[in-house]
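Proteins get letters first, then strands, A, B, ... in listed order; numbering begins at 1 in each. In this text, all values refer to a predicted model and were calculated from it rather than measured experimentally.
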Amino acid sequence: AKGLKGAPPPFNGSRTIRVALIRQMTEGEFMQTYRAGAQIQANLLGIKLIVFGKSMDNQAEANFVYEAINMKVDGIIIDHGLSETMMKPAADAIKAGIPVVAFDVDLKNPKIPQISQDDELLGMLALKQMVKDFHGKANVGYVSIAGILPLDKRDKSWQKIKKEYPGIKEIVKTGTLESPIASKNADQVKAVLLAHPEINAFFAPYDELGKGVVQALREAEKQDKVKVYTADISTQDIREMIKPDSPWAATAATNPASIGAVSVRAIALKIAGIKIPHKILIPPMLFTAKELRRLKIKNMKQLRKKFPKFNSVNLLNYPWIPVDKKGLF
Amino acid sequence: MEKFVAFAIKYGFLIVMAGSFLGFGLLEPSFWSWSNMFSILLGVTIVGILALGVTFTLIVDGFDLSIGSTAAICVMISSYVMVVLNLNYIYAILLSVLLGVTIGLVNGLLIVKAKIPDLLATLGMMFLIQGLQLIPSAGMSIGTGMMLANGSEAKGEFAQQFLFLGQGRLFNLIPIPVIVFAILAIIIYFILQYTKWGRILYAIGGNEKAVKLAGVSVERYKIAAYVLSGTISSIAGVLLAARIGRGDVTSGGGLLLDAVAAALIGYAVLGVKKPNALGSVVGVIFIGMLLNGLTMLSLPYYTQDFIKGVVLVAALIFTFGLSKSEI
Amino acid sequence: MEKFVAFAIKYGFLIVMAGSFLGFGLLEPSFWSWSNMFSILLGVTIVGILALGVTFTLIVDGFDLSIGSTAAICVMISSYVMVVLNLNYIYAILLSVLLGVTIGLVNGLLIVKAKIPDLLATLGMMFLIQGLQLIPSAGMSIGTGMMLANGSEAKGEFAQQFLFLGQGRLFNLIPIPVIVFAILAIIIYFILQYTKWGRILYAIGGNEKAVKLAGVSVERYKIAAYVLSGTISSIAGVLLAARIGRGDVTSGGGLLLDAVAAALIGYAVLGVKKPNALGSVVGVIFIGMLLNGLTMLSLPYYTQDFIKGVVLVAALIFTFGLSKSEI
Amino acid sequence: MKDKQPIIKAINISKSFGVTKALSKVNFDFHKGEIFSIVGANGAGKSTFIKILCGYYADYEGEIYIDGKLTKFQSPRDAYEAGIQVVHQSIEQGIVQNMSVAENLALEMIVSPEAPFIYEKKKIIQRAKEIARKMDLEYLDMEQNIQDITQSQKQMIIIARALARKPKLLILDEPTSSISDREASMLFETLYRLRDEGVSILFISHYLAEIKKISNRVGVIRDGKFGGLLYQPLEISQIVKKMVGNLQSVLERSYDKKNTKKLVLELKNLVIDGSSEPINMKIYSGEIIGLIGLIGAGKTELAETLFGIRNSISGEIKLNGKSVNFKNIHQAIKQGIHMVPENRTVNAIIPEESIKNNITLPFLNFFSKYGVLLEKNEIKASKKMIHEMGIKCEGYNALIESLSGGNQQKVVVARWLLMKHNIVILDEPFQGVDIKSRRDMSQYLMENTKESSVLMISSDIDELIDVTDRIMVMNKGRILSDERTSQIDRDKLLSLITQEG
Ligand SMILES: Nc1ncnc2c1ncn2[C@@H]1O[C@H](COP(=O)(O)OP(=O)(O)OP(=O)(O)O)[C@@H](O)[C@H]1O
Ligand SMILES: Nc1ncnc2c1ncn2[C@@H]1O[C@H](COP(=O)(O)OP(=O)(O)OP(=O)(O)O)[C@@H](O)[C@H]1O
Ligand SMILES: [Mg+2]
Ligand SMILES: [Mg+2]
């Protein structure tokens, strides 16, 4: 391996570094972009990234940690998962002398730095926009699924908002993870719209769910009467949001690619023996359809250009760590 | 008494269905609106078309586990052709259908020529396709603006004509996919019920050897059943791509089981106890109606599967349990 | 030549397996370590136990689609008992197994007494259980500190002894679930191969009517097969709960198809072309090994399904395609 | 020889299947040490009666007394325990596919409640060999799969198994319909021996000559009702009369044979497989030819070669003077060669379909236009066949499963007589068919064989003598004789059939 200028060992080229990225979910745009970001940062650092993942199989995820230990990798990134399941394997990895960092899963171990996107804030940003748009009074359809960790965290904000603003009423709750997620949710939402014509806003704190809602509104021809608030963002989402008649009002998001990159930087620093903070929080941003239209943003590339803070999270940056210049983050 | 039982077996399922239809409507009048009827139908088209496909293989006493993944790979191929390769949507459709035919043909050959049991062969095929669909886009969903391997962004778009297939409406009311579904259902019903091909397919399911000894090329018919299953699945895939407007890697997920459930429920419709096109269609509409109605009554989503299961099992006991038969 | 073909059919699969074992080890030496062997085994235990369960129903020429959801509901029940009800872990295990027995019994009765076709009955059951598992916790995952309906927090915890079942190791090397799996596999292998029960189950699969006329209570054996399938699935569920340490609603997901795949691959092992315990175990280990090895060679995850499918289909063609058989 | 008290007494037995009343108030009793035969037309209810007696149908009406005690069997097991052993009519119901020959023979050692828990192959094989000895089956490879042996061997295995249990009452439902004469005589010897040991035997057959030969008493079932008892000395004509009423005594051909002689099928030095000798044969129009031989003589192989299922090694098949070489069945049918295969359950019947659909199956091209079925034509054609062949059924739409064996066979024959043909091959067409149905079928063939011809394969001489114009003997793949039926010497024919080498 060719080393990096001014880098501490082992990044000075003394050997190949292997990092295991262990994932709970592999599908969905968020996950894919996260991975792309991690991969680019790993390439820049000369790290060989080995990705372990099987969609939503928690026990397999625990097992992957042991497989990584067997392979004697230099570091492990645990990307999502259940704390109960992943705590012990992660502790075992630490015991085996392999540094671990975690993203969006609380491993309750002082030796494991926790990277997380602030899900509660994410939900809160979108909801606050809703409160503003509706002046504190709205009949809301809530589309979410319990039992999924980030969604559960965003649910907390929803409960808070309801308490805080009694004018914001939850009329009905639906949601399904059956694939194809968007169409299945669209079917449900259409039924809900017929049964509850009074609904004038939707909170769908995950963009796949949001797409379903938007599709349903279009098919029911109610896109001008209802507004939709979601989380996450992608080119697909932007293209929908900027349509002149789009009911999609706002979405709160972090840039998964930069989280991926931050995760890899964190593990690299751990491998190099450099101390990093225990809690690393990636702040979300709010994007409204109005603003996107005003700035003539049509895709993620333009979004990243126009919002440098969103594009490149300035965390864990060291002079010897190269950063992608092509504009992914 | 005997007559009553016979009646119950024949019409029991339809009565339950009519009952639910009435019940939902009474509790929630908007359930009965035309637009809701079509939204139920639209919701079940993809699964319904797949159920029609799997019916063919069930008739020849086979099984096709690869239908869901065939539809899913067609979603990816359509998207790839339009978005990444930036080609005309006609190619997207043609390539998808061609792929469906090929998958069906390979299934058929594996089963008929290599004599691999149907479940086994199509299961292998299912895994294979599930893997294959991820490769062109390296596991990513395909949409305009996606990053390509060379770092540039995909420029192609879903053609408006293509999207119309999934999202358009006739007379501003009847969704195009529903029309496709209806046409397919009628054709398939007709073929199975009124042509010699249908007759022979059923006969093969009854006693393959006897049909062979009657001078029929059983192998060809069996292969044809799988080719049809693959082709029909690919049509479902094209419509699905047009509906979601994106090459979503997760799109194949629940399709298989839902389609199989519908086709199997079809056995109970009219008490024929055989795979049949009408039954598959009714089965799929029944499930769709149930989900729609229950959602309207705002039953929590997590009770819906349960109720679906209860009604299904009840209908089955009704149909099969009542008919006395020797072993 | 004939001999060679016979040899190939009998040992072809094992040779491919040994070949992959060698290949992976040569490319990645840590593949061969003991701890990695046990990692592979640990990774397949849950699916492996389920595959053993489904083998019983396959033997009597039936099918059990509800195994995955049975395991999943046992995860929820175990968690509910310990976390929400705050009871001893022994109750968690007992209740889970009781539930498994009940589900199996209901399946058996639906199939044998109500004469509902196996696929249909167990599919209905699958939906039903999938729905049922969500109801006690209103669709939420169950973990310590979760909010209960009455607004308080759940106080119970997963007992250490319970977690040990899933996460503990013997001699600090052999994972407990692997030991459970091995014991179950040996018992089931023995029953199927060397006792009259096993013989009778196979005989029923061969010709139910003949066995009935020979004076065997076929109904009882068939029900027993489903009860065993349910019970074994519940054991898998308990282990799964102990492994993940949480009542996770999504835990049932891919279990069914993976288990069925393993059991069906088992047909090819030693060329017996029948469901068998040894085959199911080898099948599941083969899949596990393949995935482990390929991951170590850092093949992207999205190519793994494809390779799995290719190897599966190839092994099948080898086993079934080579053996000539008359119609 | 008879005890006063019957060991089994069945009183007023009735049983219905849905609307079909299969049995109504049937009374029989069986004594120690006698052979009691039950006769009746196809569908009379014989098999149903037996299935009640052996506990297979628990929901019958009436009473069964065993040794004077009222008994109600809930399952076949109960009947076993009471000492009743049954060889059922269908071979498929007697053997277990997934098992070896030894396991099938020693099935009892595996399935009975007293069977040892641990399965020991050696003991099973040992026991199987003991059982096999009783019916001279030691030559069988005990470990081969049951699927790899012939039908008659399977039948012998089932019989051997039943004998091994030393039953009080042994029931045999048409045991001879798929075994050779030699095997049958061996079976009879065994039955005599058992009878003399005090076993009561209940025997069912459509071969009235057998019935006459071996029975002490004969009971008749007619249309599900008790049809009377007959005692020694028995007369076939008397049995027939009780069974089905008066039969036309001689079959007659209703046309003049002389002016129809045209060579339809000619075999020239046809070699079917490597070890067989060339076959030569000529069949003319209007002829009904019999082909007789022991089981395994190669009759079916010849038929299959003519029908395009197998390829011949050398030689020539000429049809209406033109040499033909069929690559598949379809081509054979196109050239007007039709064949009714042996073993209708496995080879011919589509169980879940109607009589009509079963009849028209091979000729759907004829009954359809652009692939669309012309159901009216189908109905007309099948109604005609049902009527002409005297198929007893509720109508053309009845499921074939609901017919009795003989009537099912008539449907299968009707299938191949439906369309014009040059020659129809009937492979064991009368297996399990009652005398009246046989007569009906034969009569139909005689009336309708004018431009075409019939090749009827059988292992029963009397069957063929009744119908055919000429009989050929096949022995180990060779045609040993070819004579006009009117000039045949029965004994000479028999010796040709069985001669060795
Ligand atoms: N499982 C069944 N379901 C409906 N009807 C049946 C069933 N079994 C028999 N039958 C009917 O009962 C009657 C008696 O049938 P059974 O088999 O006892 O006749 P059989 O005297 O044995 O005739 P064969 O000589 O053809 O064997 C027939 O009319 C038959 O169609
Ligand atoms: N299923 C089988 N397995 C093995 N050998 C067979 C089988 N069937 C037939 N044979 C053998 O093939 C040869 C010819 O059999 P074929 O069936 O033509 O005889 P057949 O005269 O028609 O007798 P059958 O009355 O049994 O039909 C014989 O040597 C026979 O033993
Ligand atoms: Mg009978
Ligand atoms: Mg023969």
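Both the backbone and the side chain of C:Ile116 come within less than 4.5 Å of a heavy atom in chain B. Contact of B:Leu110 with chain C is made through the side chain alone, with heavy-atom distances under 4.5 Å.
When the heavy atoms of residues 124-135 of chain B are compared with those of chain C, the residues falling under 4.5 Å are B:Gly124, B:Met125, B:Met126, B:Phe127, B:Leu128, B:Gln130, B:Gly131, B:Leu132, B:Leu134, B:Ile135, listed by number.
Annotation: the span from C:Leu65 atom CG to B:Leu264 atom CG amounts to 8.5 Å, rounded to 0.5 Å.
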